[in-house]
Amino acid sequence: MKNIITSSIAMFVILFGFTSCNNSSKSGSKSGALASNIAEKVYVAPGEYDSHYAFLSGGYSGNVTVYGLPSGRMFKEIPVFSQFPTSGYGYSEETKPMLNTSHGFIPWGDAHHPDISQSKGELDGRWVFINENNTPRIARISLTTFETEEIIEVPNSAGNHSSSFVTENTEYVVAGTRFSVPIPQRDMPIKDYKGNFQGALSFISVAPETGNMDIKFQVLMPGFNYDLSHPGRGKSHGWFFFTTYNTEEASTLLEVNASQNDKDFIAAINWKKIEEYVNNGGGKMMPANYAHNVYDEHTHTATSTMKKEVRVVNPIEVPGAVYFIPTPKSPHGCDVDPSGEYIVGNGKLSANLTVHSFTKMLDAIENKKFAGEAYGIPILNFEDVLAGVVEQPGLGPLHTEFDGKGNAYTTFFISSEVVKWKLGTWEVIDRKPTYYSVGHLTIPGGNSGKPQGKYMFAMNKITKDRYLPTGPEMEHSAQLYDISGDKMELLLDFPTHGEPHYAAAMEASIIKEQSQKIYKLADNKHPYAAKSDADTKVVREGKDVHIYLTTIRSHFSPDNIEGVKVGDKVFFHVTNLEQDFDVPHGFAVIGQNNSELLVMPGQTKTSVWEPKQVGVWPFYCTDFCSALHQEMQGYIRVSAADSDTSIKWSLGEDIE
Ligand code: K7E
Ligand code: CUA
């Protein structure tokens with residue numbers, strides 16, 4: 001028996017050795033990622049800076065994490081679609097409006113595809129956009145404050161997945177629906193899906209100076225699933241491409257019924273043409289209800305406005321604006337190379353990778369060579385538009401990125417590898433395993449005309465044996481590769497947070513000098529700010545008690561408060577008077593039902609506290625801010641509802 005086990009282990013080792021590269025950390029060899037020269041490639045000495053920033057989506061965490069490359073160190077989690085007790089985002093009165101939607105307050109989101117703003121096809125480092133899939137929204141994050149500044153909800157959409165990619169001058173950020181739905185929403189039998197449901201592709205304009213988002217128009221497409229998208233660039237600037245699946249329009253057992261057609265489509269949208277149509281009054285306004293939430297850096301406060309209509313466009317009414325390109329077989333990724341000529345459609349169930357030619361597409365359109373139409377939208381001939389095919393590169397292709405040197409890199413979920421291939425000749429140049437089941441990959445500048453192709457990292461769905469076990473759940477894993485040579489070289493594994501569907505990355509030099517260090521107290525326009533200890537006060541308005549509180553190392557002002565009663569609603573408005581980089585103060589009071597606050601220098605944040613018991617209750621600073629941090633505390637006296645204790649406050653003396 002023992003012999004059988006031993007020999008099967010030996011057999012397994014032999015097989016494993018043949019089928020897989022020797023990069024595994026368990027191989028015991030000093031090659032691959034264990035070689036000391038590789039360690040040097042990712043080693044960032046203490047006090048030194050990384051060369052790149054990476055912004056990873058958190059998937060079901062709803063947030064974005066900021067990493068340094070090549071070290072793989074995590075610098076920050078930026079709360080976006082989810083409440084975040086670490087900073088009080090989504091709990092403080094100022095930030096709660098950020099999570100307002102037409103469905104009410106939503107404390108959570110499913111974030112997928114971050115994308116960095118661009119000018120002239122290059123990353124400009126102003127903002128990161130990211131989509132929320134479940135309750136369709138797009139957020140804009142500032143790359144000076146690294147805070148979420150704006151969130152817009154996307155009506156008529158469901159499963160906002162083919163999003164949030166930007167055009168080459170950030171004219172638009174795009175949101176395409178994964179699930180088609182009745183538009184407008186109405187009560188109808190699910191079996192009547194086919195021909196009745198529609199898919200909205202939303203073009204959200206971005207104001208050049210402020211970045212403010214506004215839904216310019218929605219194209220109401222046939223009821224397919226719009227999975228991923230990328231903008232044209234260079235010669236194809238003005239177009240946007242969306243993969244579709246379920247062109248069968250099945251409404252049940254999609255794993256079978258949406259896999260019937262040999263080819264689905266890439267939808268090619270000439271947004272410039274539709275923009276012109278809309279600017280001339282085309283399309284129609286339709287009643288809608290969606291939230292637009294904006295954070296004001298000067299009041300340190302977000303406001304949520306409900307918008308009541310949206311412009312919709314019927315593609316049939318804009319001739320020459322929308323075409324379908326047949327693409328095998330339930331394509332997922334839809335990626336455009338840096339020149340804008342090649343559109344890669346990765347058929348999940350296809351043996352080959354399909355690459356379309358933008359030039360050939362224009363020729364076919366010019367010559368009106370159509371294979372038919374779907375709901376009045378012309379379908380081009382597959383062969384007329386085909387640029388080439390990468391033959392049998394792997395199993396389960398998902399996403400492709402480009403290095404700007406004529407090479408493409410595609411992830412294969414089933415065969416767990418990244419395959420490098422050449423644009424134009426379509427030959428496979430290299431393949432490297434990923435551990436395990438890779439989803440997206442990122443090359444800094446990946447969605448731009450100018451990738452910064454030194455590194456590539458893969459984001460893997462399954463971690464298994466790569467790290468010390470942490471119970472049934474392991475964090476997902478990213479793997480960093482050096483792609484500066486002919487062959488990819490695995491450098492590093494690092495854990496990620498949540499599920500990083502995609503990441504945007506860029507050279508750190510583009511943004512590191514602009515990073516904000518404090519908020520200027522003089523610019524603080526918060527209505528409840530106290531800009532010095534002299535401005536602090538406690539004001540009763542009926543049952544509401546407003547406490548204008550300040551923090552500075554190492555005290556609160558005031559630190560003793562009396563006259564609050566059971567049944568009151570107490571607003572702690574905390575202004576951090578510090579004007580020094582990286583000196584936040586925290587605020588917490590016993591029995592607080594929301595979260596602590598973390599208040600940045602120069603900022604005002606508010607926590608609501610509804611005391612339920614009489615007593616004398618302490619509050620304190622939650623951030624170890626100085627040697628006397630433990631002394632940074634205060635008391636609030638809560639009297640009975642019918643008591644006559646009057647409002648009084650003090651610092652440094654007794655309340656008489
Ligand atoms: Cu492939 Cu949402 Cu881009 Cu995940 S998606 S992997
Ligand atoms: Cu302020 Cu600790």
Side-chain angles (χ1 to χ4, degrees), residues 56-62 109-115 130-134 136 159-165 174-179 225-230 242-243 245 330-335 344-348 396-401 410-414 416 418 434 436-442 446-447 457-462 476-478 496 498-504 549-557 559 574-578 580 582-588 596-601 603 605 619-634:
L56 275 65
S57 86
Y60 35 65
S61 87
D110 181 16
H112 277 244
H113 307 118
D115 202 15
I130 187 159
N131 58 319
E132 205 277 277
N133 192 58
N134 184 52
N160 176 35
H161 196 254
S162 34
S163 183
S164 55
F165 304 103
V174 157
T177 197
R178 175 168 155 216
F179 308 115
N225 292 43
Y226 297 85
D227 202 13
L228 275 148
S229 66
H230 266 94
F242 295 80
T243 41
Y245 65 100
S330 302
H332 185 58
C334 182
D335 299 291
V344 184
N346 297 337
K348 297 190 293 283
L398 290 185
H399 300 283
T400 300
E401 294 253 302
T410 301
T411 54
F412 291 84
F413 180 83
I414 298 172
S416 287
V418 176
T434 54
Y436 305 94
S437 299
V438 56
H440 273 273
L441 77 175
T442 294
N447 174 38
F457 57 100
M459 285 155 277
N460 307 328
K461 303 296 182 192
I462 294 173
H476 287 219
S477 176
T496 63
E499 179 175 356
H501 287 271
Y502 184 51
L549 201 66
T550 59
T551 62
I552 195 155
R553 281 163 289 181
S554 300
H555 63 267
F556 289 100
S557 177
D559 66 354
V574 185
T575 302
N576 183 354
L577 300 179
E578 305 281 354
D580 204 356
D582 198 24
V583 189
H585 291 284
F587 171 82
E596 57 127 23
L597 298 175
L598 198 64
V599 191
M600 297 304 130
Q603 200 175 47
K605 291 263 186 76
F619 56 88
Y620 71 100
C621 170
T622 48
D623 184 304
F624 207 109
C625 50
S626 73
L628 295 174
H629 155 81
Q630 288 297 79
E631 282 71 13
M632 195 164 172
Q633 65 169 59

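Since we're looking at a predicted model, the values are computed, not measured. In each ligand, atom 1 is the first atom listed, and ligand 1 is the first ligand listed.
The minimum distance between atom 2 (Cu) of ligand 2 and any N, O or S atom of Asp623 involves atom O. Within His440, the N/O/S atom positioned nearest atom 3 (Cu) of ligand 1 carries the name NE2. Distances from atom 3 (Cu) of ligand 1 to each N, O or S atom of His113 single out NE2 as the nearest.
Here the side chains of Ser554 and Glu631 are not in contact, with every heavy-atom distance at 4.5 Å or above.
Between atom OG of residue Ser477 and atom NZ of residue Lys461 there is a gap of 12.0 Å, rounded to the nearest 0.5 Å.
Taking every heavy atom of both residues into account, His113 and Ser164 meet most closely at O-OG, 3.0 Å. Tyr226 and Ser162 make their closest contact through O-OG, 3.1 Å (heavy atoms, listed as atom of the first residue, atom of the second, distance).
In the vicinity of His399, heavy-atom distances shorter than 4.0 Å reach the ligand 1 atoms 1 (Cu), 3 (Cu), 5 (S), 6 (S). Ligand-side atoms of ligand 1 in range of His332: 1 (Cu), 5 (S), range being under 4.0 angstrom from any heavy atom. Of all the atoms in ligand 1, the ones that sit under 4.0 Å from a non-hydrogen atom of Gly439 are 6 (S).
Judged by the 6.0 Å distance and 45° axis criteria, Lys605 is not positioned over the aromatic ring of Phe587.
Assignment of Leu228 to the shell around ligand 1 is supported, since a heavy atom sits closer than 4.0 Å. The shell of residues lying under 4.0 angstrom from ligand 1, judged by heavy atoms, excludes Met459.
Scanning the protein for heavy atoms near atom 4 (Cu) of ligand 1, the closest one is His501 ND1, 2.0 Å. Nearest protein neighbour of atom 5 (S) of ligand 1, counting heavy atoms only, is His161 NE2, 3.4 Å. Annotation: atom 6 (S) of ligand 1 to nearest protein heavy atom, Lys461 NZ, 3.3 Å.
Only one option out of Thr400, Asn346, Asp335 pairs with Thr410 in a side-chain hydrogen bond (donor to acceptor under 3.5 Å, both in side chains); it is Thr400.
The angle that His629 ND1 and Cys625 SG make at atom 2 (Cu) of ligand 2, rounded to 10°, works out to 120°.
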Self-check item: side-chain contact (heavy atoms from CB on, under 4.5 Å) assessment of Thr551 paired with Val599
Solution: CA-CA 9 Å; Thr551 62; Val599 191; 5.6 Å; no
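Contact annotation for Glu499 and ligand 1: no heavy atom of the residue comes within less than 4.0 Å of the ligand. Here Asn133 has no heavy atoms under 4.0 Å from ligand 1, in either its backbone or its side chain.
Side-chain N or O atoms of His230 include one that pairs as donor or acceptor with a backbone N or O of Cys334 at under 3.5 Å. Side-chain N or O atoms of Ser57 include one that pairs as donor or acceptor with a backbone N or O of His112 at under 3.5 Å.
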